[in-house]
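Contents: one structure, followed by commentary.
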Amino acid sequence: MLERIQKENDIKELNPEELLHLAEEIREFLIEKTSKSGGHLASNLGVVELTIAMHRVFELPKDKIIWDVWHQSYTHKLLTGRKDQFDTLRKYGGMSGFPKRKESDCDAFDTGHSSTSISAGLGYVKARDLKGEDYSVISVIGDGSLTGGMAYEALNNAAQLETNFIIILNDNHMSISENVGGMSRYLAQLRTADLYTGLKKGVTKTLERIPKVGDRMIAHIRKTKNSIKQLVVPGMLFEDMGITYLGPIPGHDIGALCKALKEAKRIGGPVLLHVLTEKGKGYQPAENAPDVFHGIGPFDVETGKVLGEKKKDTYTDVFGKVLCDEAKRNEKLAAITAAMADGTGLSRFKKLYPERFFDVGIAEGHGVTFAAGLAAGGMKPVFAVYSSFLQRGYDQMIHDVCLQNLPVIFAVDRAGLVGSDGETHQGIFDLSYLCSIPNMAVMSPKHKWELADMLRFAVDYDGPIALRYPRGSAFDGYSQYREPVRFGKSEMIFEEEEIALFSVGHMFEEAVKVRGRLKAEGFACTLVNARFVKPLDGECIRSLSKNHKLIAVIEENVGSGACSQRVLQYASENNLPVKVASCALPEQYVEHGSVDVLRKETGVDAESLADKIMKTYGELRL
């Protein structure tokens, strides 16, 4: 069946029985391809039938389907003629694991972060109506994404619509980790509302048997705000907001899904279709451990075991272990995650200190202000969060944490280039936005031991502080270089003259290679571990300016507002007789690919950096 899908809307040529075979083939295809390339598997397996039904009922690219986050886009890509591109999935220059408007007209909106689809869909609806156009807009959002406040802001606005807008709630009881909070409990009630489901079917069937009058009564009940379901199901949040609620619908029944979608198209206003799916459906290892198979590397299909499992500790592992040690000696220490306890290394803390562990759901802004409240109340909160997701709490960091100079620790994981997830997940802006906030201190370790020392320092520090570290295996070289962490002070590794390498955090490993290349070419070369990006070690920079002609600042962040610019500004304001070279990432979004490839493409690999530094230094000597 899959061979017959060469482009969008080809699925309409298949009969209902063939659609069942298509679903089986898609699952086999996704398991095989993802086992080789890695990617988001469990979430994609869970929406195969839902995606088939949407492509069956709607006309693409005329109709607009917007998935929240959209790491569930693989089936959509298969059904829009991109099957032959799957061997390039998540590789540099290949197909993205997320939707890309530049990749296909059928990708209506670029996404990657959660809780956005209703807002984007509402924008499309308003644009459609203002331009007098005629197409359907379908926003799909997961129950996990409904823990994010932006979704409720959008629902509040959507309730005012008088034209059709379809919102599909993909309810699999999971985000990345298991869902938390009141919405999760509310949806659990809806899933098990057998009384309502049975009553609704019974009433409908009875009315259908009444000649002429029955159909009109059914239609009237559906349009009446105080409908039968409000009398039976407690709360009915969506109906009370003014959004028609349909469901729950079995999410792996293509026939039921198609019927419900057609019904949703006929409603002259906002409608929420509640669909029950199973994350990892059809592949036992993913069904058993959907969190593990949410985002996974290459694995063995038969066993489900990840191939080439890590042997070394990651920075995340080190952070998690040390945080638990610190919590043992400090009863005020608390940990916060935004629905990613496993991904941020807090699982062990959750088990050992459950009363001091808080999962706020996919709500980073709330998480930051919650941490501020904890700190104001006398606790020492640590908010562990990915760099690209912390962006969503920028306002709260400014006004709720740093304005009050509260002692909140931001453990900024996945900083720098993260690789295959692409533009929406690269952690290449955190130094810029963190350093822009008064009272915020920012530090970054060169290796795993320094990460441990910096975390201990942060726990004792009385003010807002960010600890920035990358994804992947922790560098364990240069273990003999482990001076005590002093506030705002850098660390001299090798002291010579001519050229000084001022290395930020995990780029130390690359800076060592750069120094080796420069030494091989006959250059004298100093190597400094910056440690603190804010406050900057001005004393060190002044000292370097006395016997160096060039300071090259090496960092994995865009240059604007980051360490390079801060060193350059300091040298300029103090009239220091030294040239400062920015060895940072270009100011652009970086697409998906392996970190090694991306470093080379963006000019921050050792070879490119050494060539740039030698060229700049050569120009100074002319």
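Source: prediction; values computed, not measured. Along the sequence shown, residues are numbered consecutively beginning with 1.
Leu122 contributes atom CG, which lies 6.0 Å from atom CG of Asn157 (distance to the nearest 0.5 angstrom). To the nearest 0.5 angstrom, Lys332 atom NZ is 14.5 Å from Glu326 atom CD. Atoms CD1 and CG, on Ile249 and Leu273 in that order, are 5.5 Å from each other to the nearest 0.5 Å. Between the CD atom in Glu364 and the CE atom in Met150 there is a gap of 12.0 Å [rounded to 0.5 Å].
Aromatic ring orientation, Phe293 versus Phe299: perpendicular (interplanar angle above 60°, classes split at 30° and 60°). Below 30°, between 30° and 60°, or above 60°: for Phe457 and Tyr461 the angle between ring planes is below 30°, a parallel geometry. Classified by interplanar angle (parallel below 30°, tilted 30° to 60°, perpendicular above 60°), the ring pair Tyr589/Phe429 is perpendicular. Using bins of under 30°, 30° to 60° and over 60° for the plane-to-plane angle, the ring pair Tyr353/Phe349 lands in the tilted bin.
Without hydrogens or angle criteria, Arg27 side chain to Lys281 main chain gives a donor-acceptor distance under 3.5 Å. Listed for the Gln391 side chain is a donor-acceptor partner under 3.5 Å among the backbone atoms of Ser388. Counting only distance, with no hydrogens or angles, the side chain of Thr337 and the backbone of Met340 share a donor-acceptor pair below 3.5 Å. Counting only distance, with no hydrogens or angles, the side chain of Glu239 and the backbone of Tyr245 share a donor-acceptor pair below 3.5 Å. Distance alone, capped at 3.5 Å, is enough to place a donor-acceptor pair between the Ser35 side chain and the Glu32 backbone. The backbone N or O of Leu146 lies less than 3.5 Å from a partner atom in the side chain of Tyr152, making a donor-acceptor pair. Judged by distance alone, the side chain of Arg414 and the main-chain N or O of Pro470 form no donor-acceptor pair under 3.5 Å. Distance alone, capped at 3.5 Å, places no donor-acceptor pair between the Asp430 side chain and the Ala415 backbone. Under the 3.5 Å distance criterion, the side-chain polar atoms of Ser436 are matched with a main-chain donor or acceptor of Tyr433.
Tested against His55, the residues Leu79, Leu78, Thr75 include a single side chain to side chain contact (heavy atoms under 4.5 Å, CB included) partner, Leu79. Of the residues listed (Ser119, Ser139, Ser117), the one engaging Asp68 in a side chain to side chain donor-acceptor pair (under 3.5 Å) is Ser117, and it is the only one. The side chain to side chain contact (heavy atoms under 4.5 Å, CB included) with Gln426 is formed by just one residue from the set Val418, Asn557, Thr602, Asp421; it is Val418.
Summarising the local packing, NZ of Lys91 is surrounded by 12 or fewer heavy atoms from other residues, nucleotides or ligands at distances under 6.0 Å. Crowding of Tyr394 atom OH: a count of heavy atoms from other residues, nucleotides or ligands under 6.0 Å exceeding 12.
A pairwise comparison of heavy atoms in Gly280 and Ala286 identifies CA-CB, 3.7 Å as the closest pair. Contact detail for Val137 and Gly121: the closest heavy-atom pair is CG1-O, 3.5 Å. A pairwise comparison of heavy atoms in Pro407 and Lys380 identifies CB-NZ, 3.5 Å as the closest pair. When all heavy atoms are compared, the tightest approach of Leu346 to Phe319 is CD2-CE2, 3.8 Å. Smallest separation of non-hydrogen atoms from Gly148 and Ser115: CA-OG, 3.5 Å.
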Inset, instruction - Start with the C-alpha gap between His76 and Asp107, add the side-chain angles, then the distance that decides, and say whether side chain to side chain donor-acceptor pair (under 3.5 Å) holds. - result: CA-CA 9 Å; His76 166 81; Asp107 293 358; 2.9 Å; yes

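Between Phe29 and Tyr74, the ring center distance fails the sub-6.0 Å criterion. Taking the centre of each ring, Phe389 and His113 come in below the 6.0 Å mark. The aromatic ring centroids of Phe383 and Phe370 lie 6.0 Å or more from each other.
Using a 3.5 Å distance cut-off with no hydrogens or angles, the side chains of His40 and Gln72 do not pair a donor with an acceptor.
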